[in-house]
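First the proteins, then the strands, lettered A, B, ... as listed; each starts at 1.
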There are 2 protein chains.
Amino acid sequence: MSVTSFEANLKHRCSSCSLREICLPLGLDAEEMTKLDDLVKRRRRVFSGQSLFRAGDPLQALAAVRTGFFKIYEVSVSGQEQITGFPMSGELMGLDAISTGTHRGNAVALEDSEVCEIPFTRLEGLLSDLPRLQHQFHKLLSGAITTDHTLVMILGTMTAEFKVAAFLLNLSDRRGQRGEDPSEILLPMSREEIGNYLGLKLETVSRMFSKLRDQNLIETEGRKTFIRNRKALKALCQQGSVT
Amino acid sequence: MSVTSFEANLKHRCSSCSLREICLPLGLDAEEMTKLDDLVKRRRRVFSGQSLFRAGDPLQALAAVRTGFFKIYEVSVSGQEQITGFPMSGELMGLDAISTGTHRGNAVALEDSEVCEIPFTRLEGLLSDLPRLQHQFHKLLSGAITTDHTLVMILGTMTAEFKVAAFLLNLSDRRGQRGEDPSEILLPMSREEIGNYLGLKLETVSRMFSKLRDQNLIETEGRKTFIRNRKALKALCQQGSVT
DNA sequence: TCGTAGGCTTGACCCAGGACAAGGGCAGGC
DNA sequence: GCCTGCCCTTGTCCTGGGTCAAGCCTACGA
């Protein structure tokens, strides 16, 4: 649970990273990539359960997930927690802290993970020199808004069953983007965390998993989940909103 | 309902705009402001009910609300509409379109409004020259994420009564930031639109207004709403989440 | 090997908010 | 002025998902 984590000096380059088509370096040429590499020289390991940053921490660096899985949650004045995202490899964390310079969210690793830290002030300096990097950065910021809108839509219009179906499809699609098998999902988060994210109680999430299983849309082995009928699952999501 | 709207050539300058402390120009010096002014030479009137952009439109320009009120809504594959925001003066619209170059949202004026259009590609060019503008732009993008997270939190954790209370306080605060009386809110949106935004039905919204009125926290005259006991309303929001 | 704890499933019951319906108020058009 | 249509309010009933409770499964440590 401690903030500390071993800091690796492992030689890592954006140019050879398998995530370069998803992450910040997308669209850069070799020379530009080198400049970005100079910034991102710090790679850090965060063990399962550890937090990378907490609400109230000043924003020092954005962090790109290299391997693993995180949850980001915010705590309201009333003490209520709300998970706002489950960033996985290639996704940036901490973007919402730019507006105030202070993190509002808490980032906790859901499994042993590695992140690339990108000092924000230096990044902004580099953006001015590299228009393509600037544009990609804006796309990522904008994409974060889009992602949030999708969640708002799920929370605002969907019933429990469709929320869970949409959640599984989302994870599946993101796996697919990374070249992994999209029909086999090893969920690193608990039923309770899924429920928190989707505005449901853990019992309801569990029931919906069972319901989807009974319809032969998915198969479950504990947290390991297989998508058995992707088409039907998608169709379900599409017709499946509150009237 | 048409897209067209009369395009004004009214001389308008960021430097003399009352919203410059909220909007893009925040933090710029006189010379920088002039450069931004050169970009934002197009001011446009959008009448109540007209749309400024629609889902599927290519992103040409971001738009800052100068006067008036908009709603932004997205439509899911199943045809469900979800309002994702009610931008008011000084707020940027279209930021979520940067990631794909295409608008996902629909922007409709809720009252006769004026917007300043900012051609996006040219803006990005200018950002490279003006680090302060760049930083402010990033803060606005990041702020949009923060705003969305607040909505996610409201949708995910709050009961109907507290959702409505939080909604009113939010509008009130934003009026206050603009130097307007924060305790008098003229709602430009219908109960149904409020409900859509908050994940409630219009009847429920209406009932919650009545409930807050019965507790002497607010007073209502049709859409005109007065906050009578701000402190109690805030306290309500803070203790008021789902257990 | 067994004991224990955390997470998952399932059942029974309940309630906040949705669905449906009736009626009122107000603004715009003639 | 009056008609018409839209929006808002309020009532009644219903249901999806929350609450509470019991039991199971799996991982881990002694």
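- Under a 3.5 Å cut-off, the side chain of A:Ser172 and the backbone N or O of A:Leu168 do not form any donor-acceptor pair.
- B:Glu221 has its CD atom 15 Å from the C1' atom of D:dC8, to the nearest Å.
- Comparing the local axis fitted to the first five base pairs of the helix from C:dT1-D:dA30 to C:dC30-D:dG1 with the one fitted to its last five gives a bend of 40°, rounded to 10°.
- Among the heavy atoms of the strands, none lies under 4.0 Å from A:Gly195.
- The distance between atom CD of A:Gln80 and atom P of D:dG18, rounded to the nearest whole Å, is 13 Å.
- Distance B:Arg223 CZ to C:dG25 P: 18 Å, rounded to the nearest Å.
- Annotation for B:Ser48 and B:Asp112: closest pair N-OD1, 2.8 Å, computed over non-hydrogen atoms.
- By the salt bridge (charged side-chain N to carboxylate O under 4.0 Å, His left out) test, A:Glu193 is found to be paired with A:Lys71, residues two or more places apart in sequence or in another chain being considered.
- The CG atom of B:Leu202 sits 13 Å away from the P atom of C:dC20 (whole-angstrom rounding).
- Take A:Arg178 and apply the salt bridge (charged side-chain N to carboxylate O under 4.0 Å, His left out) test, not counting sequence neighbours, and it matches A:Glu91.
- For A:Arg230, the salt bridge (charged side-chain N to carboxylate O under 4.0 Å, His left out) partners are A:Asp173, not counting sequence neighbours.
- The 5' end of DNA chain D is approached more closely, in terms of each residue's nearest nucleotide, by B:Glu203 than by the other of A:Glu203 and B:Glu203.
- Note: CG (A:Asp214) to P (C:dG11) measures 10 Å, nearest angstrom.
- Between B:Phe162 atom CZ and C:dG17 atom C1' the separation is 14 Å, expressed in whole Å.
- Between the side chain of B:Arg44 and the main chain of B:Val115, no donor-acceptor pair closer than 3.5 Å is present.
- In summary, of the residues considered (B:Arg228, B:Lys224, B:Arg213), a side chain to side chain donor-acceptor pair (under 3.5 Å) with B:Glu219 occurs for B:Arg228 alone.
- Under the ring pair (Phe, Tyr, Trp, His ring centres under 6.0 Å) criterion, B:Tyr197 pairs with B:Phe86, B:Phe167, sequence neighbours left out.
- Residue A:Glu193 contributes atom CD, which lies 13 Å from atom C1' of C:dG6 at whole-angstrom precision.
- Nearest to the side-chain atoms of A:Leu200 among the listed nucleotides D:dC8, D:dG17, D:dT10 stands D:dG17.
- Across all their heavy atoms, B:Ile98 and A:Ser142 have their closest contact at N-OG, 3.2 Å.
- Rounded to whole Å, atom P of C:dC26 lies 14 Å from atom NZ of B:Lys224.
- Proximity note for A:Lys201 (side chain, C-beta onward) versus D:dC20, D:dT9, D:dG18: the nearest is D:dG18.
- The stretch residues 204-211 of chain B touches DNA chain D through B:Ser206, B:Arg207, B:Ser210, each having a heavy atom within less than 4.0 Å of the strand.
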